[in-house]
Structure formats: structure tokens, C-alpha cells
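All remarks here apply to the structure that follows.
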Amino acid sequence: MLTIHKPVLINEVIEFLSPKKNQNFVDCTIGGGGHAEKILELTGPNGRLLGMDWDPGAIKLSRHRLEKFKKRLVLVNHSYIELKKVVYDERFFHINGILLDLGLSSDQLQASGRGFSFQVNEPLDMRYSPEENEFTAADIINKWPEEKIKKMLKENAEEGHAGRIAKAIIERRKEEEIKTTLELVAVVIKNVPRKRSRIHPATKTFQALRMEVNNELTNVRLLLKDVLEIMEPGCRLGIITFHSLEDRIVKQFFKHESIDCHCPTEIPVCRCEHKAQLKLITKKPVGPSDDEISENFRSRSAKLRVVEKL
Ligand SMILES: C[S@@+](CC[C@H](N)C(=O)[O-])C[C@H]1O[C@@H](n2cnc3c(N)ncnc32)[C@H](O)[C@@H]1O
């Protein structure tokens, strides 16, 4: 039961969240426990870590990896949209830092049996939480109308060939249901011109489906709506995104909450009475070094943004 996931931007996360002796942290997407392990090493002897993940498999993996920290570790198998409730239920207060490392882990990609990868033949499932979510990628592919599939591919992954792929899916499923990842890959490959690139032609289709099945963009918005309520002054929040739409949501929220007044410039006196709640710690997103990209290709699109509660 070993994780194969390499935590991305680990040095940068540690630099900006700056965990110290006896501080408490929340890792909302604990995955294989890579970031959490480093944080727990730095927050001994009494600092605690609340780790959440929506995938029960990730909770098992991180429990195994973090066994030696078990007295300082609370693991909860819930979506991070429940963060506020979980923090109150677990009476996990005085939080110094919160981390979200969005998307999926290499463990899910390679060994979940849930069809996250276009390289392994598995059922088209893609749910992080098969217990809580009844809606699978196969439902989208076999039941949604063409226009809705096209819109989903465009909006979630900015797929330039969304129309062609959606049309081909409809044609193919007239013959028989598309049940597995490789059946879907075959449809996509036929309809996306192959460029000379390391990126597989089905990358965007798979990303869009995973995001739709798990409601990923909405979940980030829901988390941001609540998270400030559990942050005390000085508490830092770091979010790693792998996708421009996700990053835009985070960037706009951080910007909005780090400015006092949002009245139009032509109004001389503030009427909105908005008060900044956050200080930007990273003015620009922090990305991986060339060394990290060459060691871990998956890190290439990672962006870390960090704020501190005022
Ligand atoms: C990139 S991995 C995290 C890896 C982790 N930082 C590490 O170092 O091993 C992202 C994790 O977020 C989890 N996840 C995705 N959506 C979630 C949600 N709504 N709530 C909680 N966890 C979620 C996934 O199941 C996955 O395990």
C-alpha cells in the first residue's frame, strides 16, 4: 500500500506556508500524504494535521504513510466543501495554514481502476468518491446530448476540437455504448489531428470529464466561500491548481478579498464598505523549476498562490 505520487512544489509550499514547531495545519486534499508528511515533520512535537480527501483510497494510503505521526493526525474522508463542518466537528482550531493541491494524484491515475487514465483500459467511471457520487463519466458519454458534451469539453478543458469529438461520440454510441477508457480514446484519436507533442490527444477530453463528474470548478468556489470563516489572523492558505480556469477562480477570489473597496472609480466615497480580509503572499503564481518539471512532468502546469488572513 505505497503511494507513487510525488508531491508538487513541495519546497515552495513549505517556504510559503512556513510550518513551525507545534503549529496546526489542514491538508484538504491529502492524497498520498507527501505534503502532509513534510508539514508533520516540521510541526512536531505537538503540532496537529487534519487531512481530508474525498477518495477513501487516498485516506488509506496516507494513513499508511503517516503511521508514525498518528497521534498528531486526524484523517477524514470527506469532500473539502465540508471543511467548515469538519473543522467544527473535530474541534480542530487555531489553524496556522491550509493547503489545497487540486485535481487528481498519480495513484488515482495509475491504480484506481476508475478510468482516470487514457493509457489503461478501465471502466469509464472517474469518481473520486464512488460512495457519495452516483454520476459517472459513462453517464455523460452515453446519455448526454451532443451540444452538452461539446460545451463541457470546451468549458472544462478548452478543447479546440470539442465539436468534432462530441459528434463522433454520438455517432459511435448509436452502434453501441462506450463503456471503457480505450473505447473512448479510439473515438477521440480518430477526430483530433495528432500533433508532434508529448501531450496525448485525449488529455483534454479526460480532464474535462473528470472535472465534470466531480464538479471540480464548483467545489473550488464552494470551498472559497467558506474558508475565510475558519482562518484566524496570520493563518495562511495555499492553493495549487493545474488548470487555467481553476487558477482564475482562485486568483480572482484572492484579489477581491485583498482589496478594501470595490466601488466604481467614479464614486468618490466608498459605499460598498468592503474590507480586505487577505494579504497576498505570492503576488504572482509560483510555478515549478525546470528541474522539477524534468523529474516530474505532471508538475508542468502547477501554480501555487498563497494568502494570509489579516
Ligand atoms: C494532487 S492530489 C494531492 C496529493 C497530495 N498533496 C500529496 O502530496 O500526496 C489531489 C487529491 O485531491 C483529492 N480531491 C479531489 N477533489 C476533492 C474534494 N472535493 N475534496 C477532497 N479531496 C479531493 C483527490 O482525491 C486527490 O487525492
Side-chain angles (χ1 to χ4, degrees), residues 1-14 17 19 25-41 49-66 69 73-87 97-117 125-133 135 156 207 209-227 238-243 246-247 249-250 288 292 296-304:
M1 208 198 285
L2 289 180
T3 173
I4 53 163
H5 184 82
K6 279 194 196 151
V8 304
L9 296 173
I10 182 98
N11 296 330
E12 294 78 359
V13 164
I14 296 305
L17 290 189
F25 278 76
V26 180
D27 185 341
C28 297
T29 52
I30 196 161
H35 291 107
E37 181 174 59
K38 194 78 199 158
I39 292 171
L40 280 160
E41 281 167 7
L49 185 131
L50 169 65
M52 298 177 71
D53 206 289
W54 207 11
D55 182 344
I59 295 291
K60 269 193 205 145
L61 277 178
S62 52
R63 194 184 299 288
H64 183 72
R65 178 182 194 152
L66 304 172
F69 298 107
L73 177 66
V74 183
L75 286 172
V76 179
N77 180 204
H78 267 309
S79 168
Y80 57 65
I81 65 170
E82 309 276 353
L83 175 65
K84 196 168 86 180
K85 182 174 181 302
V86 170
V87 160
I98 301 174
L99 175 66
L100 273 102
D101 175 16
L102 296 173
L104 86 168
S105 70
S106 310
D107 300 310
Q108 288 161 327
L109 201 56
Q110 296 202 4
S112 71
R114 277 174 268 158
F116 290 108
S117 168
D125 183 324
M126 298 203 192
R127 292 170 295 174
Y128 292 136
S129 172
E131 284 92 345
E132 283 183 17
N133 187 357
F135 176 63
N156 288 359
Q207 181 191 52
L209 279 169
R210 193 203 76 220
M211 290 174 70
E212 193 65 35
V213 166
N214 297 292
N215 222 8
E216 293 186 31
L217 297 177
T218 305
N219 288 346
V220 178
R221 289 194 187 95
L222 291 173
L223 177 280
L224 292 173
K225 194 166 84 53
D226 272 3
V227 72
I239 305 188
I240 302 173
T241 60
F242 291 85
H243 185 281
E246 246 167 28
D247 181 57
I249 294 170
V250 174
E292 179 167 3
N296 181 10
F297 187 58
R298 193 187 163 272
S299 70
R300 70 195 181 282
S301 43
K303 284 184 180 163
L304 168 69

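Read the numbers this way: they start at 1 and go in the same order the structure lists the ligands and their atoms.
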Practice problem: Provide the number and element of each atom of ligand 1 under 4.0 Å from a heavy atom of Gly33. | Solution: 7 (C), 9 (O)
Practice problem: Determine whether Val8 and Arg298 make a side-chain contact, defined as any pair of heavy atoms from C-beta on separated by less than 4.5 Å. | Solution: yes
Practice problem: Please examine the side chains of Leu2 and His64, heavy atoms only from C-beta on, and report whether any two atoms are closer than 4.5 Å. | Solution: yes
Quiz item: Does ligand 1 have an atom under 4.0 Å from some heavy atom of Gln108?
Solution: yes
Self-check item: Point-to-point distance, once rounded to the nearest 0.5 Å, from CG of Asp247 to CG of Leu304
Solution: 10.0 Å
Quiz item: Has Leu99 got any heavy atom lying under 4.0 angstrom from an atom of ligand 1?
Solution: no
Quiz item: Does ligand 1 have an atom under 4.0 Å from some heavy atom of Leu102?
Solution: yes
Quiz prompt | Per-atom contacts of ligand 1 with Cys28, taking only distances under 4.0 Å to non-hydrogen atoms | solution = 21 (C), 22 (N)
Exercise. For Thr29 and Asp101, indicate whether the former's side chain and the latter's backbone hold a donor-acceptor pair under 3.5 Å.
Key: yes
Quiz item: N/O of Trp54 under 3.5 Å from N/O of ligand 1, yes or no?
Solution: yes
Self-check item: Beyond-backbone contact of Arg114 with Leu104, side-chain heavy atoms, under 4.5 angstrom
Solution: no
Practice problem: For Asp53 and ligand 1, answer yes if some heavy atom of the residue is under 4.0 Å from a ligand atom, otherwise no. | Solution: yes
Exercise. Answer whether the closest heavy-atom distance between the side chains of Ile39 and Asp27 falls below 4.5 Å.
Key: no
Quiz prompt | Close approach of Glu216 to ligand 1, heavy atoms, under 4.0 angstrom | solution = no
Exercise. Before signing off on this row, confirm whether Pro7 and ligand 1 have an N or O atom pair separated by under 3.5 Å.
Key: no
Self-check item: Proximal atoms of ligand 1 relative to Arg298 (non-hydrogen, under 4.0 Å)
Solution: 1 (C)
Quiz prompt | Residue pair Val220 / Ile239, side-chain heavy-atom distance below 4.5 Å | solution = no
Exercise. Measure the distances from the heavy atoms of Met211 to every atom of ligand 1 and state whether one is below 4.0 angstrom.
Key: no
Quiz item: Only one of Glu82, His78, Glu132 forms a side chain to side chain donor-acceptor pair (under 3.5 Å) with Trp54, so which one is it?
Solution: Glu132
Self-check item: Least distance between heavy atoms, Pro288 atom then Ser299 atom
Solution: CG-O, 3.1 Å
Quiz item: What is the nearest protein non-hydrogen atom to atom 1 (C) of ligand 1, stated with its residue, atom name and distance?
Solution: Leu104 O, 3.4 Å
Self-check item: Taking atom 19 (N) of ligand 1 as the reference point, the nearest protein heavy atom with its distance
Solution: Ser79 OG, 3.1 Å
Quiz item: How far is atom 5 (C) of ligand 1 from its nearest protein heavy atom, and which residue and atom name does that atom have?
Solution: Ile30 O, 3.3 Å
Self-check item: For Ser79 against Met52, the heavy-atom pair lying closest together
Solution: O-CE, 3.3 Å
Quiz item: Heavy-atom contact under 4.0 Å between Asn219 and ligand 1?
Solution: yes
Quiz item: If we ignore angles and hydrogens, is there a donor and acceptor under 3.5 Å between the side chains of Tyr128 and Arg210?
Solution: yes
Self-check item: Nearest protein heavy atom with distance in Å, relative to atom 17 (C) of ligand 1
Solution: Tyr80 CE2, 3.6 Å
Quiz item: Can you name the nearest heavy-atom pair linking Leu223 to Leu100, along with the distance?
Solution: CD1-CD1, 3.7 Å
Practice problem: Examine Tyr128 against ligand 1 and note whether any of their N/O atoms are separated by less than 3.5 Å. | Solution: no
Exercise. Side-chain contact test, heavy atoms from C-beta onward, threshold under 4.5 Å: evaluate it for Met211 versus His243 and give yes or no.
Key: yes
Practice problem: Could you tell me whether His35 and ligand 1 have an N or O pair separated by under 3.5 Å? | Solution: yes
Quiz item: Which of the atoms in ligand 1, numbered in the order shown and given with their element, are less than 4.0 Å from a heavy-atom of Asp55?
Solution: 25 (O)
Self-check item: Any side-chain heavy-atom pair of Cys28 and Ile98 under 4.5 Å
Solution: yes
Quiz prompt | Shortest protein heavy-atom distance from atom 12 (O) of ligand 1, along with the residue and atom involved | solution = Thr29 CB, 3.2 Å
Quiz item: When only distance counts, is Asp101 in polar contact with ligand 1, meaning an N/O pair under 3.5 Å?
Solution: yes
Quiz item: Quick check: does Gly34 get an N/O under 3.5 Å from an N/O on ligand 1?
Solution: yes
Practice problem: Output the list of atoms in ligand 1 that are nearer than 4.0 Å to some heavy atom of Gly103, sorted by atom number. | Solution: 10 (C), 11 (C), 12 (O), 15 (C), 24 (C), 26 (C)
Exercise. Enumerate the atoms of ligand 1 whose separation from the nearest heavy atom of Gly32 is less than 4.0 angstrom.
Key: 7 (C), 9 (O)
Exercise. Report yes if the side chains of Ser62 and Asp53 come closer than 4.5 Å at any heavy-atom pair, otherwise no.
Key: no
Quiz item: Taking non-hydrogen atoms only, is Glu82 closer than 4.0 angstrom to ligand 1 via side chain, backbone, both or neither?
Solution: neither
